[in-house]
J.: 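Before I ask anything, here is the structure I am working with.
Counting starts at 1 for both ligands and their atoms, in listed order. All values reported here derive from a predicted model rather than from experimental measurement.
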Amino acid sequence: MILIFFGPPGAGKGTQASLIAHNFKIPHLSTGDILRNKLLQKNELSTRLKRVMDKGQLVSDDILNGIVSNRINEQDCLKGFVLDGYPRTMDQALFLNNILNSKNLKIDKIIDIYVDEKNIVKRLKSRSKKENRQDDKEEVIKTRISRYLLETKPLSDFFKSKYPSDYLIINGNHEIEKITEDIVEILKNVNL
Ligand code: AMP
């Protein structure tokens, strides 16, 4: 099963993507986590990445496409995977489309989590305290939300019109467990 999660920063998409991946025993591919891991090695690339990520800007498509194509080629992705945080731009979406076509694979479901803006800011501020993420500071949150609206939201609209019956819109204002239940319930009925 191949799933893509969409949603603004703070929608809980990382949390849900991880829980759903666990539930269906497939890998959770979070590009944010992969990039944050790269920051732990101190080298020229990590310095460049940190500069972009701390500002809430997007890392280049070339870097992301390379990361994702390598990861998807790993053995554990043969049974499917959950993409979280990718694709974020049209270039990435086209690249993903090409890789999947070349492997004769298709996206099974796209899960778009929406959440009220007041909840987004509340959640990101509390995460900022807990995880000490540099990009959860208030001014950076604003940039990340605007990148999302500018680049990623049109992309989710594109997927919605391309795969209308596989596009699931989920209310992310509920408690974590309730959101997971809602997603599992829908995926249970999917013919794969
Ligand atoms: P996330 O954890 O998904 O919110 O990602 C954290 C940061 O990593 C983002 O604000 C971007 O700087 C970078 N990032 C993650 N995924 C992507 C992507 N698909 N394209 C570009 N930048 C990304």
J.: Strictly by modelled atom types, are K103 and N73 linked by a side-chain donor-acceptor pair under 3.5 Å?
T.: yes

J.: Extract all donor-acceptor atom pairs below 3.5 Å that involve side chains of residues 80-91 and protein atoms in other chains or at least two apart in sequence.
T.:
from, atom 1, to, atom 2, distance (Å)
D84, OD2, H28, NE2, 2.8
Y86, OH, N65, OD1, 2.7
Y86, OH, Q92, O, 3.3
R88, NH1, G85, O, 2.9
T89, OG1, D61, OD1, 2.8
T89, OG1, Q92, N, 3.2
D91, OD1, N65, ND2, 3.1

J.: In this structure, would I183 and L3 fall into the same cluster of hydrophobic residues linked by side-chain contacts under 4.5 Å?
T.: yes

J.: Who clusters with V121? Use side-chain heavy atoms, under 4.5 angstrom, across I, L, V, M, F, W and Y, and order the result by chain and number.
T.: none

J.: Hey, is NZ on K25 packed in by over 12 heavy atoms from elsewhere, all under 6.0 Å?
T.: no

J.: Give me the other members of the hydrophobic cluster that L149 sits in, counting Ile, Leu, Val, Met, Phe, Trp and Tyr linked by side-chain heavy atoms under 4.5 Å, directly or via other members.
T.: V115, I120, L124, I141, I145, Y148

J.: Distance under 4.0 Å, heavy atoms only, partner ligand 1: which residues pass?
T.: K13, T31, G32, L35, R36, M53, Q57, L58, V59, L64, G85, Y86, R88, Q92, R133, D135, R144

